[in-house]
Amino acid sequence: MENLTIILMNVQEQLKVIQQNADKIIGLEDIEKRLARGKRLRIKLGVDPTRPDLTFGHMVVFNKLRQFQDLGHECILLIGDYTATIGDPSGRSDTRPPLTPEEVKSNAKTYLEQAFLILDREKTIIRYNSEWLGKMSFGDMLMLTRSMTVARMLERDDFAKRYAENTPISIVEFLYPLIQGYDSVMLESDVELGGSDQLFNNLVGRKLQEEIGQEPQAVLTLPLIVGLDGVKKMSKSYHNYIGFNDSSKDMFGKIMSIADETMWVYYKLLLLLSDSEIAALKKEHPMQCKKDLAKRLVSRFFGDEVGKKELENFEAVFSRNEIPVDMPGFSWETLFPGKPEAKLIDILIASNQFATNSEARRALEQGSVKVNQIKETDGFSVIPKPERDIVVQAGKRKFFKIFG
RNA sequence: GGUGGGAUACUCAAGCGGCCAACGAGGGCAGACUGUAAAUCUGCUGACAAUUGUCUACACAGGUUCGAAUCCUGUUCCCACCA
């Protein structure tokens, strides 16, 4: 079945798919040669299970792996479980504590659950680098370090920068690219995927394979996607990300909050639209395009029904200033058992929608609170136990309902 | 191993004995304006408290003082330079 796909699609057609959205491809001719002789390519994507929450940044790379899957190639998702238990030192900002094997295992599990929202579960081969790294001796490791020089390491952009700025670089960090490269040797991969920041590391794999006499892997990097701020790359540490685990409402809202320019990038990298398709979209009203983007992406993760629902919700709340179709609700009796009335401030606090009481107070002071669509600034105004539902709103995002 | 420098709220970064819950910038939140945004302008941004009150905070532990983020002592961690 898979082989059939390969036969049906000729080399040039495949190369076109493979090259779509690629940032850099090192060894394109190697890919072409292997395809020409009918080889089923082995694709490697290494993932780091220290942070199990996937963002749309990961989606760009997963999309590419998915494309390879659809072409019928052999796709390996390599979980860096061994490396995670050592601790990833790359954090200039925060040092990540090494994880225990149990943590790694459970992280990997949640990671995979999310990854399969994009990947084809049936066609994904899962491997763990502890399979071989766990068996390596110190001597083996020393052998490996012979293939790399300090000067070459310092070619890597971020190392060079940090060295110049006197920011510390730990020796383990020098070891990481080697370890990653060794993974490629063990897997005998034909192509390694990664974000554009992984170029150097992935090239180390290519080099090691060559030294050992394997056919060197090609390296295909994908652009890093820009985050919600429209400036920095999407990353959890910048708090500018959209996560696979976000609620459908948050996902929709976050997408709507991106800048217009960012939207086209998302169309291209996340939905894989072609340039001509995007050019056509640009003729439409940007707001319409953005709503459509949000709806399509939310549908991708939550299904068409939810996508449609969130669109309606958004239009109601933001375009028509209405209340959303669904929101959290509390019954009066659970909040104020036996009480015939309550102060507005106490209602806000009891609803648990505010991180602190002060925050609730501030919302009132700033005039963002509405009760049944009517603005309220006095926290001490008394609300009687309602006969019918009342809707409380704070800002554009917080809504909740109290039923009597 | 030696010498110097540093540790302040989400981040960066002032403050160097009272006027400090702590300048300023970024971020976040809210309001105005808009096409959802972006940009712009304005306000808020430790907690608790029915206005000006209390508590907790400036690495940690003590001390000096009427009073300390600010001075002293010790501890921990970080950085640079020299070995």
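The sequence lines fix the lettering, A, B, ..., with proteins before strands; numbering per chain opens at 1.
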> Considering heavy-atom distances to RNA chain B, does A:I349 or A:K291 have its closest nucleotide positioned more toward the 5' end?
Replying inline: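 Mapping each residue to its closest nucleotide by heavy atoms, the 5'-most match is A:K291.
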>> Let me spell it out: for each of A:M263 and A:R397, pick the nucleotide of RNA chain B with the closest heavy atom. Which residue's pick is nearer the 5' end?
In response: A:R397
Spacing of [X] atom [atom1] relative to [N] atom [atom2], expressed in whole Å:
{"X": "A:K398", "N": "B:G31", "atom1": "NZ", "atom2": "P", "result": "11 Å"}
{"X": "A:K396", "N": "B:G35", "atom1": "NZ", "atom2": "C1'", "result": "13 Å"}
{"X": "A:N321", "N": "B:U34", "atom1": "CG", "atom2": "C1'", "result": "13 Å"}
{"X": "A:K254", "N": "B:A37", "atom1": "NZ", "atom2": "P", "result": "16 Å"}
{"X": "A:K375", "N": "B:G31", "atom1": "NZ", "atom2": "P", "result": "9 Å"}
{"X": "A:L228", "N": "B:G28", "atom1": "CG", "atom2": "C1'", "result": "13 Å"}
{"X": "A:E359", "N": "B:C29", "atom1": "CD", "atom2": "P", "result": "11 Å"}
{"X": "A:F399", "N": "B:A30", "atom1": "CZ", "atom2": "C1'", "result": "14 Å"}

Below 4.0 angstrom from OP1 or OP2 of [N], is there any side-chain N or O of [X]?
{"X": "A:R361", "N": "B:C48", "answer": "no"}
{"X": "A:S358", "N": "B:C48", "answer": "yes"}
{"X": "A:N357", "N": "B:A47", "answer": "no"}
{"X": "A:R362", "N": "B:A47", "answer": "yes"}
{"X": "A:T356", "N": "B:A47", "answer": "yes"}

Check whether the side chains of [X] and [Y] place a donor and an acceptor atom closer than 3.5 Å, and report yes or no.
{"X": "A:Q14", "Y": "A:H73", "result": "yes"}
{"X": "A:S184", "Y": "A:K44", "result": "yes"}
{"X": "A:E215", "Y": "A:Q209", "result": "no"}

Using atom [atom1] in both nucleotides, what's the gap between [N] and [M] to the nearest angstrom?
{"N": "B:A25", "M": "B:G17", "atom1": "P", "value": "25 Å"}
{"N": "B:G4", "M": "B:G18", "atom1": "C1'", "value": "32 Å"}
{"N": "B:A21", "M": "B:A47", "atom1": "C1'", "value": "10 Å"}
{"N": "B:G53", "M": "B:A59", "atom1": "P", "value": "26 Å"}
{"N": "B:C20", "M": "B:C12", "atom1": "P", "value": "24 Å"}
{"N": "B:C29", "M": "B:G46", "atom1": "C1'", "value": "15 Å"}
{"N": "B:C66", "M": "B:A14", "atom1": "C1'", "value": "28 Å"}
{"N": "B:U51", "M": "B:A57", "atom1": "P", "value": "24 Å"}

> With under 30° as parallel and over 60° as perpendicular, where do the rings of A:F244 and A:F56 fit, or are they tilted in between?
Replying inline: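 Perpendicular.
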[N] - base-pair partner by Watson-Crick or wobble geometry, distances under 3.5 Å:
{"N": "B:C81", "value": "B:G2"}
{"N": "B:C71", "value": "B:G63"}
{"N": "B:U36", "value": "none"}
{"N": "B:C20", "value": "none"}
{"N": "B:A7", "value": "B:U76"}
{"N": "B:C55", "value": "B:G46"}

>> Tell me if the side-chain of A:Q366 makes a donor-acceptor pair with the base of B:G43, cut-off 3.5 Å, by modelled atom types.
In response: yes
> Could one point to a donor on the side chain of A:D229 or the base of B:G27 with an acceptor on the other under 3.5 Å away?
Replying inline: no
> So, A:D183 side chain and A:N129 main chain: donor-acceptor pair closer than 3.5 Å or not?
Replying inline: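 Absent.
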> Are A:Y128 and A:Y82 an aromatic pair by the rule of ring centers under 6.0 Å?
Replying inline: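 No, too far apart.
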> So, is the end of the A:K370 side chain (NZ or CZ) under 6.0 Å from the ring centre of A:F399 and within 45° of the ring's axis?
Replying inline: no
> Of all the nucleotides listed (B:A50, B:G35, B:G31), which has the minimum atom distance to the side chain of A:P286?
Replying inline: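 The answer is B:G35, which lies nearest to the side chain.
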